[in-house]
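Below, read A as the first sequence line, B as the second, and so on, with proteins coming before strands; counting in each chain starts at 1.
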Amino acid sequence: MSSFDEMDAFEGAAQQPSLSARAMAARPMPYLDDLNPAQREAVEMLDGPVLMLAGAGTGKTKALTTRIVHLLNTHKARPNEILAVTFTNKAAREMKNRVGRMLGQPAEGMPWLGTFHSICVKLLRRHAELAGLKSNFTILDTDDQLRLIKQLVQAAGIDDKRWPARLLLNVIDGWKNRALTPGKVPAADAGAYNNKGVELYAQYQTRLKELNAVDFGDLLLHVVTIFQAHPDVLEQYQRWFRYIMVDEYQDTNVAQYLWLRLLAGVHKNICCVGDDDQSIYGWRGAEVGNILRFEKDFPGAHVVRLEQNYRSTPHILAAASNVIRGNADRLGKELWTNAEEGEKVRLIGHWDGEEEARWIGEEIDAVQGGTRGMRPFSLDDIAILVRASHQMRAFEDRFLTIGLPYKVIGGPRFYERLEIRDAMAYFRLVTSPEDDLAFERIVNTPKRGLGDKAQQTIQIAARSSGVSLVEGARIALDQGLIKGKGAGALRKLVEDLARWRAMTRGPVVEANDDEVIDDGGEPQLAFGQPEVSHIELAQIILDESGYTTMWQNTKTPEAPGRLENLKELVNQLDNFENLQGFLEHVSLVMDNEQESDGAKVSIMTLHAAKGLEFPAVFLPGWEDGLFPSQRSMDESGLKGLEEERRLAYVGITRAEELCTISFAANRRVFGQWQNSMPSRFVDELPENHVDVLTPSGLYGGGAGGVSSQGIETRAAEANVYNSPGWKRLQARQGQRGLSQPKESRNTVIDLNAVSSFTLGERVFHQKFGYGAVIGIEGDKLEIEFEKAGTKKVVAKFLSASDDVPF
DNA sequence: AAGTATCGAATTTTT
DNA sequence: TTCGATACTT
């Protein structure tokens with residue numbers, strides 16, 4: 001499969017000539033009139049290297065998509081000759097949609113628009129043998145990776161107390177990000193991980209090959225390695241991709257950079273879009289240097305700056321600009337806007353983290369109601385952006401108490417949840433019985449009485465015969481090596497797996513999709529097997545394996561949710577032809593946007609907020625040590641601080657109309673009280689664009705200046721009042737303030753909530769679990785939870801415990 | 001092999 | 001404080 005004629009047909013471009021035909025027909029270029037001069041320049045400069053420096057909110061996606069349309073319209077390239085790379089599936093999807101909309105038809109004919117990883121999977125499946133793999137290799141998730149590495153560490157006799165496997169994983173990932181194969185790791189770095197780093201890395205790679213598996217880093221690393229070792233293969237692609245476009249270039253790592261350079265080697269038509277000021281993934285291997293060096297890397301490069309901002313008010317932009325000015329290594333950009341003045345950025349200090357959460361809760365109410373002299377905001381318009389996810393908790397607790405609907409964005413994602421991974425491991429094992437990692441994951445889940453010893457026996461049996469673990473288990477059973485109740489359970493498991501597998505071969509396949517990848521598997525018709533759809537099969541697997549039962553018998557508060565998720569997983573299968581297609585999809589597309597009903601405040605990390613925008617943004621926790629993060633500064637020094645500053649910049653520029661920054665003098669960290677100084681970034685806010693608010697409470701509001709002097713006063717105060725007695729007093733005052741003035745809550749909630757619970761009733765709460773009602777105050781109930789202690793909660797979030805399935 | 005206790009650690013996480 | 005992993009107990 002190396003000729004490009006085949007490639008052409010394979011990718012579906014030939015079957016869909018209509019796209020290019022249509023583009024050809026579209027003579028006029030009205031889309032160009034929608035652009036400002038800078039955008040237009042970026043769109044029309046099609047040939048040669050181009051760096052599009054696009055500040056926050058300057059319409060870079062628009063420019064990027066228009067550029068693609070323009071390429072097609074001017075016949076510079078056919079849809080399948082354009083390589084357009086993004087980092088996230090979401091970005092890829094959006095681009096695809098927008099291009100499709102502009103062309104007036106779905107952009108299905110662009111097979112090479114996707115994430116780095118999904119494109120690399122395509123390439124690697126084609127040339128797998130050049131990397132010592134079969135083209136149906138599996139892609140491991142972090143869980144699998146870690147399990148594998150742990151085994152190697154153990155085998156090497158390393159004390160994983162002192163040298164956690166997790167650390168080695170990070171080291172290896174780091175090398176892969178830098179495109180370093182074991183042989184290429186520089187001597188200076190080889191000392192990592194107790195001097196065994198490189199050795200274990202090599203072993204790990206060997207093991208992956210044995211398993212016919214790759215990790216995320218490998219997807220790029222293998223492709224780069226193949227390109228470097230096989231110039232003929234590289235050249236085909238170099239010639240094929242006439243135009244290359246890259247989104248979020250500031251986030252590329254070395255491997256991605258090399259990949260791009262190699263591919264752009266012939267035509268040199270590469271257009272990178274990015275913003276050096278928004279590089280916040282350095283800790284993950286991203287190299288700001290890539291974007292800073294662009295003009296050197298690609299001689300004759302044109303740099304276009306997109307500086308007109310369509311998102312935020314001048315005050316917000318001024319605040320952001322002033323903060324980011326503190327960074328040294330910048331390409332330089334100044335955002336401007338035609339927007340109305342609007343509100344100044346608001347700054348407020350609080351006594352402690354709880355008060356901060358309380359204040360923000362009240363402020364959201366005010367902003368929502370249209371007080372503050374602004375238009376009323378919907379809860380969907382409001383976001384709280386934190387530096388570290390543990391900060392979210394204070395807000396969740398507070399919002400739960402006052403009944404403010406919220407959603408946490410970017411927590412553990414659907415496919416990363418324990419129960420989903422378990423279920424997927426079963427599916428994996430059914431579609432590919434040689435998937436040892438999947439087997440290890442579920443042999444004893446649910447409990448089958450197969451402990452360490454039994455599993456070791458299986459390992460040995462498998463290894464001595466050179467077969468998969470499933471086969472090894474069969475052998476071990478036949479030889480009577482496994483005893484006790486485990487034997488029966490294991491036999492059942494092995495037989496079940498075979499039986500389920502037989503069911504997958506039912507006459508289900510209707511191969512018509514344009515992306516069918518022939519993995520060499522032979523679709524056979526099996527006779528005598530019941531005809532079941534993959535959806536039914538999935539359900540059968542979960543039921544017959546006892547996995548569903550296991551959760552039904554679990555009486556922890558989260559069990560019902562897990563069962564829900566499993567149901568949702570089975571529903572998802574509807575979108576796929578078969579289990580295999582589903583698994584392939586999931587390994588790369590880990591996101592699953594669940595639409596929620598009703599408007600909700602969003603809570604997320606600053607990292608998760610990149611690329612998003614909200615009319616009103618709250619930025620809490622601006623304290624030195626927390627933000628900028630102490631660890632970041634300790635580990636990466638000035639570089640770390642600058643990345644933190646970019647994070648501040650990203651945070652501020654998410655806001656369209658209202659941006660509120662806050663900090664607290666005291667915060668409970670790991671159960672210990674700590675006091676802290678306001679963030680140094682607070683000092684970098686420009687005074688004439690900032691309104692300093694005074695906290696509403698009686699305490700903690702003494703100082704109010706933005707100057708560092710005022711700040712020091714505050715810190716001193718904090719020390720004085722840091723005694724336990726004071727804190728108890730504050731806590732009590734806080735409690736009183738809580739129940740008195742706040743009765744102006746959503747009446748909707750009140751109506752159906754008030755009388756539905758009685759004293760002493762047993763109830764269930766999504767987050768806190770089971771408990772009993774010990775007090776009622778309107779729609780707020782005091783609940784004594786079995787696990788979580790006594791809490792005040794709004795009735796809306798409770799259900800009578802009988803509702804909950806066991 | 002499974003349940004319980006104890007100890008230790010706790011940024012950020014696009015794929 | 002809470003989570004998780006490990007070690008010890010039954």
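- By the ring pair (Phe, Tyr, Trp, His ring centres under 6.0 Å) test, A:Phe582 pairs with A:Phe576, sequence neighbours left out.
- Pairing each heavy atom of A:Gly480 with each of A:Lys483, the nearest pair is O-NZ, 4.1 Å.
- Residues satisfying the ring pair (Phe, Tyr, Trp, His ring centres under 6.0 Å) criterion with A:Phe627, sequence neighbours excluded, are A:Trp622, A:Phe681.
- Atom CH2 of A:Trp673 is separated from atom P of C:dT1 by 12 Å (rounded to the nearest Å).
- With sequence neighbours excluded, the residues forming a ring pair (Phe, Tyr, Trp, His ring centres under 6.0 Å) with A:Phe87 are A:Phe116, listed by chain and number.
- Listed by chain and residue number, A:Glu684 satisfy the salt bridge (charged side-chain N to carboxylate O under 4.0 Å, His left out) test with A:Arg645 (two or more places apart in sequence, or in another chain).
- By the ring pair (Phe, Tyr, Trp, His ring centres under 6.0 Å) test, A:His117 is found to be paired with A:Phe216, residues two or more places apart in sequence or in another chain being considered.
- Computed from coordinates, the A:Leu418 CG to C:dC3 C1' distance equals 14 Å when rounded to whole Å.
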If you restrict it to nitrogen or oxygen atoms, what contacts under 3.5 Å exist between nucleotides 8-10 of chain C and the protein, and what is each distance?
none

Protein-nucleic acid N or O pairs under 3.5 Å, nucleotides 1-3 of chain B:
from	atom 1	to	atom 2	distance (Å)
B:dA1	OP1	A:Gly451	N	2.6
B:dA2	OP1	A:Gly449	N	3.2
B:dA2	OP2	A:Asn444	ND2	3.2

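- One atom, CD of A:Gln250, and another, C1' of B:dT14, lie 11 Å apart when rounded to the nearest Å.
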Could you list, one pair per line, each protein nitrogen or oxygen that sits under 3.5 Å from a nitrogen or oxygen of nucleotides 11-13 of chain B, together with the distance?
from	atom 1	to	atom 2	distance (Å)
B:dT12	OP1	A:Ser389	N	2.8
B:dT12	OP1	A:Ser389	OG	2.3
B:dT12	O4'	A:Arg387	NH2	3.2
B:dT12	O2	A:Trp283	NE1	3.4
B:dT12	O2	A:Arg387	NH2	2.4
B:dT13	OP1	A:Thr605	OG1	2.6
B:dT13	O2	A:Arg284	NE	2.9

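- In this structure, A:Glu248 atom CD and B:dT15 atom C1' are separated by 14 Å, rounded to whole Å.
- Considering only residues two or more places apart in sequence or on other chains, A:Arg491 meets the side-chain hydrogen bond (donor to acceptor under 3.5 Å, both in side chains) condition with A:Asp478.
- By the neighbour-count criterion of 12 heavy atoms within 6.0 Å, atom CG of A:Asp452 is sparsely surrounded, having that number or fewer from other residues, nucleotides or ligands.
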Determine all donor-acceptor pairs shorter than 3.5 Å in which one atom belongs to a side chain in residues 173-180 of chain A; sequence neighbours excluded.
from	atom 1	to	atom 2	distance (Å)
A:Lys176	NZ	A:Gln205	OE1	2.8
A:Lys176	NZ	A:Asp215	OD1	3.2
A:Lys176	NZ	A:Asp215	OD2	2.6
A:Lys176	NZ	A:Asp218	OD1	2.8
A:Lys176	NZ	A:Asp218	OD2	3.3
A:Asn177	OD1	A:Asn253	ND2	3.3
A:Asn177	ND2	A:Asp173	O	3.3
A:Asn177	ND2	A:Arg284	O	3.1
A:Arg178	NH1	A:Asp189	OD2	3.0
A:Arg178	NH2	A:Asp189	OD2	3.0

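- With sequence neighbours excluded, the residues that form a side chain to side chain contact (heavy atoms under 4.5 Å, CB included) with A:Met550 are A:Thr445, A:Pro446, A:Tyr547.
- The CZ-P distance, from A:Phe87 to B:dT14, rounds to 13 Å in whole Å.
- With sequence neighbours excluded, no residue forms a side-chain hydrogen bond (donor to acceptor under 3.5 Å, both in side chains) with A:Gln256.
- Distance CH2 (A:Trp259) to P (B:dT15): 16 Å, rounded to an integer number of Å.
- Of the side-chain N and O atoms in A:Asn89, none sit less than 4.0 angstrom from OP1 or OP2 of B:dT14.
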